[in-house]
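Just so it is clear, the model here is predicted, and its values are computed rather than measured.
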Amino acid sequence: MKQTFVIVFVALLALTSGLAIHIFNKPAEIQTISLADITLPDLKGQQQPLSNWQDKFLIINFWATWCPPCLKEIPDFITMQNDYADQNIQFIGIALEEQQTVAEYAAAVSINYPILIGEYAGAQLARSWGNTINAVPFTVILNQHGQIIHRQMGEITQAQILDVIEPLFNKN
């Protein structure tokens with residue numbers, strides 16, 4: 001009897017988790033973001049408005065060095081930044097921790113895209129963009145008009161990113 005209860009409990013937990021992931025990762029309603037209103041410091045402490053990268057497809061990833069799935073995504077982001085920069089794609093990392101730790105990690109793995117330091121402001125920004133459970137990694141993809149076209153809680157793969165952005169290449 002106890003074993004049956006455990007099996008039913010685990011099955012319900014798995015079902016609930018699967019439903020939550022499906023709900024949170026469904027296509028985003030169109031939400032236009034004013035990039036000029038969002039400014040965060042870079043790794044050198046210089047304030048950078050996200051409008052520096054307007055008119056591009058933006059893949060904005062909220063992450064932390066203490067998050068294994070976050071670190072797993074970064075090599076793909078580095079590769080994609082190299083491979084797709086000429087197609088108007090810009091990755092931006094928003095780290096949700098202190099500057100020195102992030103700067104050391106970014107230098108060690110040669111991150112080739114802008115890294116901004118979000119700390120609390122970054123967590124609030126992610127929340128306002130749909131990260132209702134404060135998960136990392138959390139990725140938002142914006143089109144060239146500053147509209148959120150995809151939200152992803154949890155790890156995102158290169159294939160998932162391409163599924164979102166490749167159909168847009170021919171439209172713009």
Identify the heavy atoms of [X] and [Y] that sit nearest to each other, and give their distance.
{"X": "Gln160", "Y": "Gln152", "result": "NE2-NE2, 3.9 Å"}
{"X": "Thr65", "Y": "Val102", "result": "CG2-CA, 4.3 Å"}
{"X": "Gly45", "Y": "Gln99", "result": "N-NE2, 3.4 Å"}
{"X": "Phe62", "Y": "Gly122", "result": "CE2-O, 3.4 Å"}
{"X": "Ile161", "Y": "Met80", "result": "CG2-CE, 3.6 Å"}
{"X": "Pro68", "Y": "Trp66", "result": "CD-O, 3.3 Å"}

State the [atom1]-[atom2] distance between [X] and [Y], to the nearest 0.5 angstrom.
{"X": "Ile92", "Y": "Leu50", "atom1": "CD1", "atom2": "CG", "result": "5.0 Å"}
{"X": "Ile165", "Y": "Ile89", "atom1": "CD1", "atom2": "CD1", "result": "3.0 Å"}
{"X": "Gln47", "Y": "Asn52", "atom1": "CD", "atom2": "CG", "result": "11.0 Å"}
{"X": "Arg151", "Y": "Ile60", "atom1": "CZ", "atom2": "CD1", "result": "12.0 Å"}
{"X": "Leu142", "Y": "Ile59", "atom1": "CG", "atom2": "CD1", "result": "10.0 Å"}
{"X": "Glu73", "Y": "Phe91", "atom1": "CD", "atom2": "CZ", "result": "9.5 Å"}

Are any side-chain N or O atoms of [X] and backbone N or O atoms of [Y], one a donor and one an acceptor, separated by less than 3.5 Å?
{"X": "Asn112", "Y": "Ile78", "answer": "yes"}
{"X": "Gln144", "Y": "Phe57", "answer": "no"}
{"X": "Ser128", "Y": "Leu125", "answer": "yes"}

Checklist entry - Take atom CD in Gln100; do more than 12 heavy atoms of anything else shown fall under 6.0 Å from it? => result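 Not buried by this count: 12 neighbours or fewer within 6.0 Å.
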Checklist entry - Mind checking whether Tyr120 and Ile94 sit in one hydrophobic cluster, side chains of I, L, V, M, F, W, Y counted as touching below 4.5 Å? => result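 No, separate clusters.
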Taking the side chain as everything from C-beta on, heavy atoms only, tell me whether [X] gets closer than 4.5 Å to [Y].
{"X": "Ile74", "Y": "Ile111", "result": "yes"}
{"X": "Glu155", "Y": "Thr139", "result": "no"}
{"X": "Leu96", "Y": "Glu119", "result": "no"}

Checklist entry - Between Gln81 and Gln90, is a side-chain hydrogen bond (donor to acceptor under 3.5 Å, both in side chains) present by the stated rule, with each step listed? => result CA-CA 7 Å; Gln81 182 62 60; Gln90 180 63 59; 3.3 Å; yes
Item to check | Step-by-step side-chain contact (heavy atoms from CB on, under 4.5 Å) determination, Val140 to His150 | outcome: CA-CA 6 Å; Val140 177; His150 184 78; over 6 Å; no
Checklist entry - Ile133 and Met153: side-chain contact (heavy atoms from CB on, under 4.5 Å), yes or no, with the steps? => result CA-CA 9 Å; Ile133 60 171; Met153 284 192 206; 3.6 Å; yes
Checklist entry - Hey, mind stepping through Glu97 and Tyr105 against side-chain contact (heavy atoms from CB on, under 4.5 Å) and telling me if it holds? => result CA-CA 12 Å; Glu97 61 185 306; Tyr105 178 80; over 6 Å; no
Item to check | From CA spacing to verdict: side-chain hydrogen bond (donor to acceptor under 3.5 Å, both in side chains), Gln147, Asn143 | outcome: CA-CA 5 Å; Gln147 297 171 322; Asn143 67 15; 2.9 Å; yes
Checklist entry - Angle class for the Tyr113/Phe77 ring planes (parallel below 30°, perpendicular above 60°, tilted otherwise)? => result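 If you compare the ring of Tyr113 with that of Phe77, the planes turn out perpendicular.
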Item to check | Residue pair Ile148, Trp129: steps toward the side-chain contact (heavy atoms from CB on, under 4.5 Å) verdict | outcome: CA-CA 8 Å; Ile148 294 177; Trp129 287 358; 3.9 Å; yes
